[in-house]
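Side chains included, hydrogens not; waters and symmetry mates left out as well; all remaining heavy atoms used. Each chain gets a letter, A, B and so on, in the order its sequence line appears, and its residues count up from 1.
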2 protein chains.
Amino acid sequence: MPIEYSRPERYNDARYHDLRPADPRRTDLRRPERSFTIRQLCVEFSVTPRALRFYEDKGLLFPARDGMNRVYSTRDRARLQLILRGKRVGFSLSEIREILDLYDEKDGGAVQAARSLKKFRERIEALKQQREDIEGAIQNLEEGCVRLERQLTESRPDLLPRAEAYDSVLRARLDGPADPTLVLSK
Amino acid sequence: MPIEYSRPERYNDARYHDLRPADPRRTDLRRPERSFTIRQLCVEFSVTPRALRFYEDKGLLFPARDGMNRVYSTRDRARLQLILRGKRVGFSLSEIREILDLYDEKDGGAVQAARSLKKFRERIEALKQQREDIEGAIQNLEEGCVRLERQLTESRPDLLPRAEAYDSVLRARLDGPADPTLVLSK
DNA sequence: GCTTGCCCTGACGTTTACGTAAGGGGTATA
DNA sequence: TATACCCCTTACGTAAACGTCAGGGCAAGC
């Protein structure tokens, strides 16, 4: 599984950085000419600058430069989203890179396209298998919950945690960064 | 994602080892008294002995011993299945260990049970989130497939790979080791 | 009795995906 | 002009999950 590190807490705190855009016209996420600093993306997606630079090193991102500074386009941002989702579903960075490369190789000729198609289908099969695994794991855990609930109901019903705590989780997700339109496959 | 290593090919080959059981009465997987050698489990689940010993080191398995040699029960086998599935859905070994521990702690008292229940629910939420991620990734890739297919149909229809190749994949899965009854939650 | 095959226990090596300084520079604010 | 906050590169450090010897033991078959 994805190795989890302890990431400095400050990167989670939006107040830590001034995110006011310099130019109001460039605020709209849907405007393709919108650009982002490295830290803006870091705060939005809860990753560190080191991670973004690392992805660049590995050939998954290639932001433009303003002098020395990196400038990320909406396209870069969309790629980053795909990278992070790829990680969450268990792809390694090199696998994600392959996929992104396949997306880009529109010019690779018909043979390349055929190979890409095959790989895509393989990935899909793997993901469907994984979806089944997750389905099974959820079932297992839910059975465990039922058992524990029965046990608690009989012994200490006062300790029964109600599921309401997860409302906040859901709310947080809804309030989170809106899913911007992906511009990759265009 | 789960880091993938190059595992010696021979562990995939069932013919590599003589798996004939010494005692026919002990052949039936459903018989709880059935036991397994380390290699039998390795061949069945395509893992190495090193991995099983590693899981034991980390407190996820504790097979009995016959002298020096490890002897795995059907319960150990069921745990191994859960371990491997946990890995496939992205849990780290220590997370899997936590879950397995929670399953075992029937005697931990009501407070422990309440904590377990909470953790189980958290896991379930995480898994549902992940299921959504996978759903999204599948959709993305399928859109990519459609694009590639259109492109190929126009340029080189002869190169279009048909999906029949995946029949074999499915067949292989059906012919695979039967899912034995899990004896953990009993 | 020697080889073959399986088992064991250390213990060091490896890959992935970053973390964490160290050292240096630009800009704005007090 | 000092401080704060941002950026950069280079480089060494690290946790997870095993791989890979090295060294030794027990049982079967030739």
How many whole angstroms separate atom [atom1] of [X] from atom [atom2] of [N]?
| X | N | atom1 | atom2 | answer |
| --- | --- | --- | --- | --- |
| B:Ile38 | C:dG5 | CD1 | C1' | 15 Å |
| B:Asp57 | D:dG19 | CG | C1' | 14 Å |
| A:Asn69 | D:dT9 | CG | P | 9 Å |
| A:Leu52 | C:dC18 | CG | C1' | 12 Å |
| B:Phe36 | C:dC6 | CZ | C1' | 18 Å |
| A:Leu61 | C:dA17 | CG | C1' | 14 Å |
| A:Glu95 | C:dT16 | CD | P | 11 Å |
| B:Asp66 | D:dA27 | CG | P | 10 Å |

For [N] and [X] - does any side-chain N or O of the residue sit under 4.0 Å from the phosphate oxygens OP1/OP2?
| X | N | answer |
| --- | --- | --- |
| B:Lys58 | D:dC18 | no |
| A:Tyr55 | C:dC18 | yes |
| B:Thr48 | D:dG19 | yes |

Donor-acceptor pair, [X] side chain versus [Y] backbone, under 3.5 Å?
| X | Y | result |
| --- | --- | --- |
| B:Arg77 | B:Tyr72 | no |
| B:Gln130 | A:Ile134 | no |
| B:Arg97 | B:Lys58 | yes |

Return the nearest nucleotide to the side chain of [X]; candidates are [options].
| X | options | value |
| --- | --- | --- |
| B:Arg70 | C:dA17, C:dT9, C:dC18 | C:dT9 |
| A:Phe54 | C:dC8, D:dC8, C:dA17 | C:dA17 |
| A:Arg65 | D:dC8, C:dC8, C:dA17 | D:dC8 |
| B:Ser92 | C:dA17, D:dA17, C:dC8 | D:dA17 |
| B:Arg53 | D:dC18, C:dC8, C:dC18 | C:dC8 |

Can you tell me whether the side chain of A:Arg50 and the base of C:dT20 have a donor-acceptor pair closer than 3.5 Å? yes
Which residue in the set A:Ile83, A:Ile99, A:Leu82 passes side chain to side chain contact (heavy atoms under 4.5 Å, CB included) when paired with A:Phe91?
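Single side chain to side chain contact (heavy atoms under 4.5 Å, CB included) partner of A:Phe91 among A:Ile83, A:Ile99, A:Leu82: A:Ile99.
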Would you call B:Arg121 and A:Glu149 a salt bridge, taking side-chain N to carboxylate O under 4.0 Å as the test?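 Salt bridge flag = yes for A:Glu149 with B:Arg121.
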